[in-house]
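In what follows, every chain begins at residue 1, and chains take the letters A, B, ... in the order their sequences are listed.
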Amino acid sequence: MAATKKQTAGKKKPTVRPQAKKTATAKPAARPVKAAAPQKKAAAPKKARSPKPASAGAPTAEQVRKVITALKAAPVEQAAPVEQAAPAEQAAPPERAAQPERYNPAVIEPKWQKRWEHDKLYRSVIDPSRPKHYALTMLPYPSGNLHIGHWYAMAPSDARARFMRMRGYNVMFPMGFDAFGLPAENAAIKDGVHPMKRTYANIAYMREQLRSMGAMFDWEREAISSDPEYYRWTQWFFIQLFKHGLAYKKLAPVDWCPTCNTTLAREQVWGEDRHCERCGTPVIKKNLEQWFFRTTKYAEELLRFDGIDWPDKVREMQTNWIGRSEGAEVTFPVIGHQSSSTTEAQMTDDSITVFTTRPDTLWGATFMVLAPEHPLVAKLTTPERRAEVEAYIAQAIRQTDIDRESTEKEKTGVFIGAYAVNPVNGARLPIWIADYVLMTYGTGAIMAVPAHDERDFAFALKFGLPILPVIERPDRLAKSFALGGTMHDGFADALRAEGIPFEERQGSLYITIPPEKLDRYIEIARRFVRPDSWNEVVGLRWVFIFHDGVWEWDSLEAEARILARCHALEPDVRDKRTVMEMLWAVEFYRDVLYHDAYGTMIHSGPFSGTPGATAKTDVIRWLEATGKGRGTVTYRLRDWLISRQRYWGAPIPMVYCPDCGIVPVPEDQLPVTLPEDVEWLPTGQSPLKLHPTWKQTTCPNCGKPAERDTDTMDTFMCSSWYHLRYLSPHYDQGPFDPKEYDYWMPVDTYTGGAEHATMHLIYTRFFHKALRDMGIVKGDEPMLQLRNQGQILGPDGQRMSKSRGNVIDPDEQVRLYGADTVRAYLMFGYEWSEGGPWSTENIQGVVRWLNRVWTIVIETVDGRRRSGDGSPADERALRRITHQTIQKVTRDLEEFQFNTVVSALMELTNALYKYRDSLMGTAAWEEAITNLLLLTAPVAPHITEELWQRLGKPYSIHQQRWPVADPAIAAEEVITLAVQVNGKVRDHITVPADTSEDAIKAAALASEGARKYMDGKSPKNVVYVKGRLVNIVV
RNA sequence: GCCGAGGUGGCGGAAUGGCAGACGCGGCGGUCUCAAAAACCGCUGCCCUCACGGGCGUGAGGGUUCAACUCCCUCCCUCGGCACCA
């Protein structure tokens, strides 16, 4: 079930997502290829272990290695019995011997896979004489079996790697396993199977499944993140980051299940209501000491994508994720609460610093809001407010993230009794706390400018806090509402006379005032307003019009004066706590009361009149000059929380000494290995924490007893550098062999799912840049080119899932059609970056195609149609198609356009059938057949290898050079051009390709269709598009 | 709500601003066969027409252009990401 959840979460690991987790016992897939145990050191997994040494502590790396070796060597216990029975139709028909041999992938595919492996055909070694190409595709999590999605990601990537290899590049295309992680551990809690045992059994099985794909993986470069020889260096990297100040420990809120009494990883928090995976209890936040990596230090650089070819989509997602905001920090002094009940303000030493992207709205601040967790809250809260404030904080902390972050939610908050002073105008601002202000962004405190911030507006309206517009509306919309009975007779006539438009409904006037007539309107309104009432203008200007004067609504003082007079005049508005609340009651006004656009500053003291274009920068400059604030940049990106209270991960290599504090494990003592003898109890506690002795160690510094960190690292840490471990998976002098690094890095082409855009793909860039700054790696980016595949859906167009019963099992498809057909279908059936539903019907097209390829080549070998009586024109035509196909396939493979690669190959195949009776046996035929196989080799490596051999060509087709098209042969001799009259096709003309433009135009004008539709008129213009058409404009 | 991608035959999908629908599935017809399947060959956007031919067509509406699936504006819908980020 964890897997189901993870499937929907969908962005947890840089792995190609498995469709569903397989437990160690469920393994229905029967496969034609026996999962051959590669090694013969068949020591059975050590089950009954000798008692641990009295000193206990961590097992040595050697101990763990032994177990792993045993597990790797042991036959996979849950592997299915090998199904040898070939499908009935594959049995060679004894009768009708004259029939050509049928295409039988079940025989040829395993045969060639064994041969390639035996010959180390895909072994990649440093070769300075050839250009290198590091092709990388995201590694799988060893869930237990391969999903069709893995094939969709990997098979086209393999085809492209093969293509690059045939073009002369020294290609490295490695594969490994992102082997640490939660599913194996959760499964262990259910059935007691040790995560290590399960994981390595799954890897052994999936490795064989991957082999059935016929990919050019170099298995000697395989890296498994849970091997001690791997995570030794994961830990080493942690220590390097720590030593360079990029890893730090701090108190941070984590999800906590109050029933299980433990923290939960994000993966364990389920559903919209964010409940605990095991007990269903909604999680709460709890503060714990956690390790973080300082990703924010690289926020600015991560926004730059110089020199790398990554999809815009990923770049944009990363840019949004990092979320750069320019603004200012402004400091608001706090008024002592001792005197808050008096009119005498008393300054204190305290101050609140806020971040704002709109310093141009500073004069409109009417209150302050702190996050409930803000450190100043306890200090500033007045005694009489304390009970209410503490109650609010308690419930806010209990809030789930979903509740708290929901934009639908009613605003809540409480006044803490204290006040701050607006440094720009001295206004006294009440300080509130509210959960819509997040401690984790900016400074955890805001100045509220309700007139120009939607959230502040809603909050102020709800709690009766004043709202004061300070930015002019860019649309210059002004309105006035004259309630029936508030104006003397003749008001409407006066407006009409002035040309001011209004609507009259039930005795009231709804007036929209043209900006240039604002002053005139105010004069007229003042003349007509009754002494016991008032009129007002809202929008472009904000004035209250009384019979004895026009009051500008331009400050908090004015707010108070206006409100008092209105209350005195009209009992109906006495329940309105602010001017804006009064205005909001008028439906007609609502669309002009709030806006968040930039515009000319108003009601802003000396800055009034500053145009919107420069307002922000002008104010920042002034803040800095006067010391009231400074321009700053804030990012949405948070530091990366590394700690996981989990067993199946790389232990954090840190020791806590009562005397020396936090001490890293000395590098020569790495790896800190996981203990094996742990119990799988549903306590929610990490087995590392519960283990009686594992955490006990001595301080590397002073030698006194000390404790290990019992947390492990986020598995994204492991996958942030796996591309480096592939370089030299068994190297023990460092994380990678520098010789290998210098030759192979950076990764030239990286393929995988776009769902990793904001997690893995940011982490790995951060990791590389941090290592660069430590002098460990070179260059600014780890992966030069990134391409994302889409997702294969179920045949019903829905996401594949066991519960829907729409899962396509690649093993079964391979059994039905062969790996080459599955590969070719995955490339042909979809725009690769889009994906789409699996179709059992459409795959038939590819089934037929490969059978046609098989048949035509076998016929060629048999020579049964050797006629060769085709005309020279036919030969030229076939050669032209052959060379055009070379051009198209080359270009489209380069561009990852796999679907049109296959369609071009189909067209060449169709051409061969067209000419099979006339040209078979000719040189043109030989050329076409040879190139068809070479061009198809990356797509369907087995069938092409088989047919290549049967043609008597030298092994291996995959070591041949990629064909090069001859443009002269590819060029058309005659071209057919459309003849358009006024853009509509009316005729076609066929001319030699080298016909001059003038002659073509003349021919077009003379064509029957053109003459008919020109209707005797003379052409105004004749447009010739080379090789395409002639458009006659009349 | 914000950001991004995308809407093309019955279906999957092709189309440097230049003949929309390549290639394939499905469908129809033919060859082969006692028959069926397979295989091979042909046709297949919609509408009118016996036909020749014509009209209409790339989510909707406008615009730019000799020419728009493609570029611009407005709107509708689908998918992905983010979401009280001050």
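Comparing atom distances between the A:Glu831 side chain and each of B:rG13, B:rC84, B:rC19 picks out B:rG13 as nearest. Comparing B:rA86, B:rC25, B:rC19 by their nearest atom to the side chain of A:Asp453 picks out B:rA86. Nearest to the side chain of A:Thr900, among B:rA15, B:rC84, B:rG18, sits B:rA15. Counting only heavy atoms from C-beta on, A:Ser903 has its side chain closest to B:rC23 among B:rC23, B:rG18, B:rA83. Ranking B:rC40, B:rG13, B:rA22 by closeness to the A:Arg916 side chain, first place goes to B:rC40. The listed nucleotides are B:rG12, B:rC85, B:rG18; the one nearest the side chain of A:Phe828 is B:rG12. Side-chain proximity of A:Lys313 to B:rG80, B:rG81, B:rA86: nearest is B:rG80. Comparing B:rC19, B:rC3, B:rG54 by their nearest atom to the side chain of A:Tyr1013 picks out B:rG54. Nearest nucleotide to the A:Asn910 side chain, out of B:rG24, B:rC3, B:rG53: B:rG24. Side-chain atoms of A:Tyr913 lie closest to B:rC40 of the nucleotides B:rC40, B:rG26, B:rA14.
Using a 4.0 Å heavy-atom cutoff across all strands shown, A:Ser325 reaches sugar-phosphate atoms only and no base atom. Among the atoms of the strands shown, only primed sugar atoms or phosphate atoms (P, OP1, OP2) are found under 4.0 Å from some heavy atom of A:Thr356. Looking at heavy-atom distances under 4.0 Å, A:Asn842 makes contact with a base. The residue A:Gly323 sits apart from the nucleic acid: no heavy atom pair falls under 4.0 Å.
Of the N and O atoms on the side chains of A:Asp998 and A:Tyr1024, not one donor lies less than 3.5 Å from an acceptor on the other residue. Residues A:Gln897 and A:Arg891 bring no donor and acceptor atom of their side chains to less than 3.5 Å of each other. A:Glu972 and A:Gln884 are linked by a side-chain donor-acceptor pair at a separation below 3.5 angstrom, with hydrogens and angles left out of the test.
B:rU16 sits 13 Å from B:rC69 when the P atoms are compared, rounded to a whole Å. For the C1' atoms, the distance linking B:rG10 with B:rC46 amounts to 12 Å, nearest Å. On the C1' atoms, B:rG18 is 12 Å away from B:rU65, given to the nearest whole Å. Of the P atoms belonging to B:rC23 and B:rC77, the separation is 37 Å, rounded to the nearest Å. B:rA83 and B:rC75: their C1' atoms are spaced 25 Å apart (whole Å). The gap from the P atom of B:rU70 to that of B:rG7 amounts to 10 Å, rounded to the nearest Å. Rounded to whole Å, the P atom of B:rC28 lies 34 Å from the corresponding atom of B:rC79. Nucleotides B:rG26 and B:rA38 are separated by 9 Å at their P atoms, to the nearest Å.
Atom-to-atom, CG of A:Asp312 to C1' of B:rG4 comes out at 10 Å; the value is rounded to the nearest Å. Atom NZ of A:Lys1020 and atom C1' of B:rU65 are 13 Å apart (whole Å).
Counting distance only, with no hydrogens placed and no angle test, the side-chain atoms of A:Lys411 and the base atoms of B:rC84 include a donor-acceptor pair under 3.5 Å. Under 3.5 Å, the side chain of A:Arg986 and the base of B:rC19 form no donor-acceptor pair of N or O atoms.
The pair A:Asp309-A:Arg787 counts as a salt bridge, with a side-chain nitrogen and a carboxylate oxygen less than 4.0 angstrom apart.
The backbone N or O of A:Met827 sits nowhere less than 3.5 Å from a side-chain atom of A:Asn899 that would complete a donor-acceptor pair.
Counting heavy atoms from C-beta on, the side chains of A:Val1033 and A:Asn982 come closer than 4.5 Å. By the 4.5 Å heavy-atom criterion applied to side chains, A:Phe305 and A:Leu786 are not counted as neighbours. At least one side-chain heavy atom of A:Ile431 sits less than 4.5 Å from a side-chain heavy atom of A:Ile352.
The aromatic rings of A:Tyr763 and A:Trp640 sit parallel, their planes meeting at an angle under 30°, below the 60° perpendicular limit. Between A:Phe898 and A:Trp832, the ring-plane angle classifies as perpendicular under the 30° and 60° cut-offs.
In a base pair of the Watson-Crick type (N1 to N3 plus N6-O4 or O6-N4) or a G-U wobble (N1-O2 and O6-N3), with each distance short of 3.5 Å, B:rA15 is matched with no nucleotide. In this structure B:rG9 sits in no base pair that meets the Watson-Crick or G-U test at under 3.5 Å. Base pairing annotation: B:rA68 forms no Watson-Crick or G-U wobble pair, as no partner gives both donor-acceptor distances under 3.5 Å. For B:rA60, the paired nucleotide is B:rU74, the pair qualifying as Watson-Crick or G-U wobble because both relevant distances are below 3.5 Å. Under the Watson-Crick or G-U wobble criterion, with both distances below 3.5 Å, B:rC40 is paired with B:rG30.
When the nearest nucleotides of RNA chain B are assigned to A:Thr634 and A:Lys984 by heavy-atom distance, the more 5′-ward of the two goes with A:Lys984. Checking A:Tyr830 against A:Met906, the closest nucleotide of RNA chain B that is more toward the 5' end is the one next to A:Tyr830.
Residues A:Trp432 and A:Phe463 place their aromatic rings such that the two centres sit under 6.0 Å apart.
Taking a 4.0 Å limit (strictly below) on heavy-atom distances, residues 1025-1034 of chain A reaches RNA chain B at A:Val1025, A:Arg1028, A:Leu1029, A:Asn1031, A:Val1033. Within residues 881-888 of chain A, no residue approaches RNA chain B, by heavy-atom distance under 4.0 Å.
Partners of A:Ala965 under the side-chain contact (heavy atoms from CB on, under 4.5 Å) rule, at least two apart in sequence or in another chain, are A:His883, A:Ile886, A:Gln887.
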